[in-house]
Amino acid sequence: MKNREIAHIFESIADILELQGENLFRVNAYRNAARILQDLARDVEHVAAEGKLAELPGFGKSIVEHVEEYLKTGRMARYQELRREMPGDLVDMLAIPGVGPRTIVLMKEKLGVTTFEDLKRVINDRSLDALPGMGEKKVDHIRRGYQLYLSARERMTLGVALPAAEEIVERLQKVKGVKHVSVAGSLRRMKETIGDIDILASGTDPAKIVQEFTRLPQVAEVLAAGDTRGSVRVEDGLQIDLRVVTPGEWGAALQYFTGGKAHNIKLRELAGRKGMKINEYGLQKGARRVAAKTEEDIYHKLGLDCMPPEMREDRGEIEAAARHDLPRIVQLADIRGDLQMHSTWSDGGDSIEAMAIAARKLGYEYILITDHSQSLKVAQGLVPADVKKARAEIDRLNAKLKDFRVLAGTEADILPDGSIDYPDKVLEAFDIVLASVHMRLDDPSDRMTERVIRAIENPCVRIIGHPTGRRFGYREASAMDMEKVMKAAAANHVALEINAHYERLDLNDVHARMAADLGVMLVISTDAHNTAGLSMMRFGVSVARRAWLKSEQVLNCKPLGKLLEWRRMSKAVKR
DNA sequence: GCCGTTTTCGGCCCGACTGTTTTCAGTCG
């Protein structure tokens with residue numbers, strides 16, 4: 001899928017045009033096209049092949065031509081040309097906090113700066129101070145920004161950021177005079193990675209709340225503390241920003257600071273068309289405030305139904321809300337079981353029984369034990385003789401457990417040729433077979449596509465685990481033709497997994513929506529390697545919510561009987 | 001560069017903060 005690749009090029013074009021002082025609306029047109037591509041629940045190559053690029057919002061003549069050129073030749077002449085005009089590190093300097101296009105161009109023209117080395121020089125020899133509009137503080141600000149850029153703060157994963165934020169929220173709730181507290185920003189929208197943690201609070205004495213915030217025990221360093229906002233760094237380096245408003249502005253502020261950016265822009269346009277204005281203090285008609293107390297008020301006064309934060313990305317939710325046609329998306333309470341986990345039989349830390357008891361405590365009806373298969377030696381994959389013994393253990397356990405069912409499964413390896421790591425005879429004895437790729441993840445796209453499709457077509461395989469293999473901070477998603485793979489999954493009644501581990505979240509939100517659009521059944525699994533790992537389910541559910549999935553589209557929202565029916569049905573269709 | 005219940009031309013979201021100004025430009029979210 002080249003969606004991200006082309007999106008990155010459009011981002012770069014926008015950066016360069018901005019540096020060149022080009023009309024900002026033209027710059028935005030490229031940024032908008034980049035966002036549309038990133039969020040697109042289709043493979044752009046397929047859309048182009050169908051001649052439907054111009055139907056994408058924000059895709060006019062120029063953008064369509066650029067995309068077609070790139071797909072045909074692997075190059076974009078306009079980009080190459082722009083790149084030559086902005087040499088050295090000039091484009092990358094935009095990523096330095098406190099440095100924008102005006103500063104970069106000024107440094108280039110007056111001081112001949114084109115590289116990071118040049119930048120360091122003009123900061124240190126104070127020649128930067130002499131430029132118009134520059135002063136001591138501004139240069140200091142740029143120096144600190146450059147340091148920050150060098151230390152290259154990686155984005156945090158959701159699974160790291162959310163617990164840290166929740167701890168702060170819990171403490172703030174106990175502070176005197178605090179009325180509301182909530183996480184906000186991309187964290188509240190449950191994006192898979194987060195830049196900064198944003199927390200919003202309300203109370204009658206905001207300045208005092210900010211003071212209390214900076215004194216929390218987790219705080220390692222106070223970066224800023226004003227009357228309505230504070231910013232701190234906690235021990236492990238996370239930056240947390242707090243904003244405080246009055247209780248009467250709570251809903252407006254929560255809506256505003258939750259975003260996302262594109263969603264908010266569209267809301268403001270909508271408000272404008274209705275003769276209103278929207279900002280963090282409320283929805284205004286002239287001097288009159290029409291809504292501010294709750295998020296619901298804000299949306300309703302704009303003629304919209306209120307939608308969950310996970311949907312607020314301008315991916316069609318505003319239009320659906322206006323039609324009063326928002327889907328009822330899946331929630332954690334809809335989950336009835338967990339269909340991927342490991343036990344001490346392979347590389348897990350807890351016994352099958354311990355996993356079952358922990359899962360029952362979560363309110364589940366069933367689990368699927370999916371220990372690794374024989375060729376995955378590093379994870380102590382089971383040879384067929386051990387598969388039989390593990391099965392016997394599960395049978396004994398089921399005789400003992402009431403109102404709960406342990407299903408015997410496997411996470412069988414998809415081998416380099418697309419065959420499965422057990423003979424059919426072994427596979428047929430499992431209740432449900434899950435198959436995943438663990439080796440040769442960097443196969444070229446054609447080969448990987450063929451490999452996964454062959455696994456999907458195996459009559460015993462029911463679920464494909466972590467389909468793209470991406471892991472934050474470790475490796476990129478494997479290259480493959482996602483639409484082809486998904487069409488094969490739909491045709492063969494094979495479910496695709498949303499792996500809930502916060503380092504995977506694979507399928508991601510865009511792919512999960514694509515799959516659902518193509519009629520594929522999804523399954524949300526924790527891949528837990530111990531009882532604690534079962535709690536990751538909420539991260540997988542958040543991906544599903546961002547993908548607008550309904551509970552009917554999620555396999556493990558089915559009660560046990562329906563799950564087994566689905567399994568039998570799919571087998572019948574395939575054979 | 002895109003787009004059309006204001007429009008095929010003239011629009012295109014809003015406010016805070018900071019620093020360097022003396023009314024505003026640049027950057028950020």
Side-chain angles (χ1 to χ4, degrees), chain A residues 10 13-36 53-67 78 82 93-107 128-142 144-145 148 184-187 189 194-198 200 223-231 239 241-245 249 252-253 255-284 298 302-303 314 318 322:
Chain A
F10 283 159
I13 290 178
D15 283 344
I16 298 172
L17 292 177
E18 194 174 358
L19 282 175
Q20 294 180 332
E22 181 56 84
N23 178 314
L24 280 177
F25 296 107
R26 176 173 292 181
V27 171
N28 251 334
Y30 281 102
R31 290 206 203 288
N32 185 53
R35 188 182 63 83
I36 296 293
L53 284 174
E55 291 176 21
L56 298 176
F59 276 51
K61 191 162 169 283
S62 298
I63 301 271
V64 167
E65 279 175 10
H66 288 331
V67 173
R78 178 92 175 106
L82 286 170
M93 285 182 198
L94 278 171
I96 300 175
V99 176
R102 307 310 303 231
T103 310
I104 292 173
V105 168
L106 193 69
M107 292 192 299
L128 193 52
D129 297 37
L131 295 186
M134 282 292 167
E136 198 183 334
K137 285 194 170 179
K138 225 167 183 175
V139 175
D140 261 2
H141 187 63
I142 292 173
R144 282 204 307 278
L148 208 64
S186 54
L187 193 50
R189 303 198 311 278
I194 274 92
D196 289 308
I197 293 178
D198 288 310
L200 183 71
L223 302 172
D227 286 348
T228 62
R229 60 176 57 184
S231 187
Q239 184 177 323
D241 296 330
L242 173 74
R243 299 157 206 264
V244 189
V245 296
E249 294 160 342
Q255 193 290 315
Y256 185 89
F257 290 118
T258 295
K261 188 177 170 173
H263 175 91
N264 277 0
I265 287 174
K266 202 165 251 187
L267 278 196
R268 278 176 227 135
E269 285 170 355
L270 181 65
R273 282 202 300 276
K274 291 177 184 274
M276 292 185 276
K277 214 171 76 172
I278 184 169
N279 58 29
E280 57 263 60
Y281 304 112
L283 182 64
Q284 314 257 139
I298 303 272
L302 286 169
D314 186 24
I318 293 175

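Throughout, protein chains are lettered first and strands after them, A, B, ... in sequence-line order, and every chain is numbered starting at 1.
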Under-3.5 Å N/O pairs linking protein and nucleotides 6-11 of chain B:
none

Practice problem: Measure from the side-chain heavy atoms of Lys137(A) and tell me the nearest of dC2(B), dG19(B), dC12(B). | Solution: dG19(B)
Self-check item: Closest to side chain of Arg102(A), choosing from dG19(B), dT27(B), dG1(B)
Solution: dT27(B)
Practice problem: Under a 3.5 Å limit for both distances, which nucleotide forms a Watson-Crick or G-U wobble pair with dG19(B), could you say? | Solution: dC24(B)
Quiz item: Counting any heavy atom closer than 4.0 Å, what does Leu267(A) reach on the DNA or RNA strands: base, sugar-phosphate only, or nothing?
Solution: nothing
Exercise. For the pair Asp198(A) and Leu187(A), evaluate side-chain contact (heavy atoms from CB on, under 4.5 Å) and give the outcome as yes or no after the intermediate values.
Key: CA-CA 7 Å; Asp198(A) 288 310; Leu187(A) 193 50; over 6 Å; no
Quiz item: Among dG1(B), dG19(B), dG15(B), which is the nearest nucleotide to the side chain of Lys138(A)?
Solution: dG19(B)
Quiz prompt | Tyr281(A) vs dA16(B): side-chain N/O to OP1/OP2 distance below 4.0 Å | solution = yes
Quiz item: Any Lys/Arg nitrogen of Glu18(A) or Arg31(A) sitting under 4.0 Å from an Asp/Glu carboxylate oxygen of the other?
Solution: yes
Quiz item: Under 3.5 Å, is there a donor-acceptor pair between the Asn279(A) and Gln284(A) side chains?
Solution: no
Quiz prompt | DNA chain B contacts made by residues 257-266 of chain A, counting heavy atoms under 4.0 Å | solution = Ile265(A)
Quiz prompt | Phosphate contact (dG15(B) OP1 or OP2) by Lys277(A) side-chain N/O below 4.0 Å | solution = yes
Quiz item: Across the strands shown, which category fits Ile96(A) at heavy-atom distances under 4.0 angstrom: base, sugar-phosphate, nothing?
Solution: sugar-phosphate
Exercise. Could you check whether Val99(A) gets within reach of a base, just the sugar-phosphate, or nothing at all, counting any heavy atom under 4.0 Å?
Key: sugar-phosphate
Exercise. Check every atom of dC12(B), dG29(B), dC28(B) against the side chain of Tyr256(A) and return the nucleotide holding the closest atom.
Key: dG29(B)
Quiz item: Which nucleotide sits closest to the side chain of Glu269(A): dG1(B), dG15(B), dC12(B)?
Solution: dC12(B)
Quiz item: Looking at Arg35(A) and Asp314(A), does any basic side-chain N land under 4.0 Å from a carboxylate oxygen?
Solution: yes
Quiz item: Who passes ring-ring contact (aromatic ring centres under 6.0 Å, His included) against Tyr256(A), sequence neighbours left out?
Solution: none
Practice problem: Take Gly98(A) and Glu136(A), find for each the nucleotide of DNA chain B with the closest heavy atom, and name the residue whose nucleotide sits nearer the 5' end. | Solution: Glu136(A)
Practice problem: Tell me which nucleotide among dA16(B), dC14(B), dG26(B) gets nearest to the side chain of Arg229(A). | Solution: dA16(B)
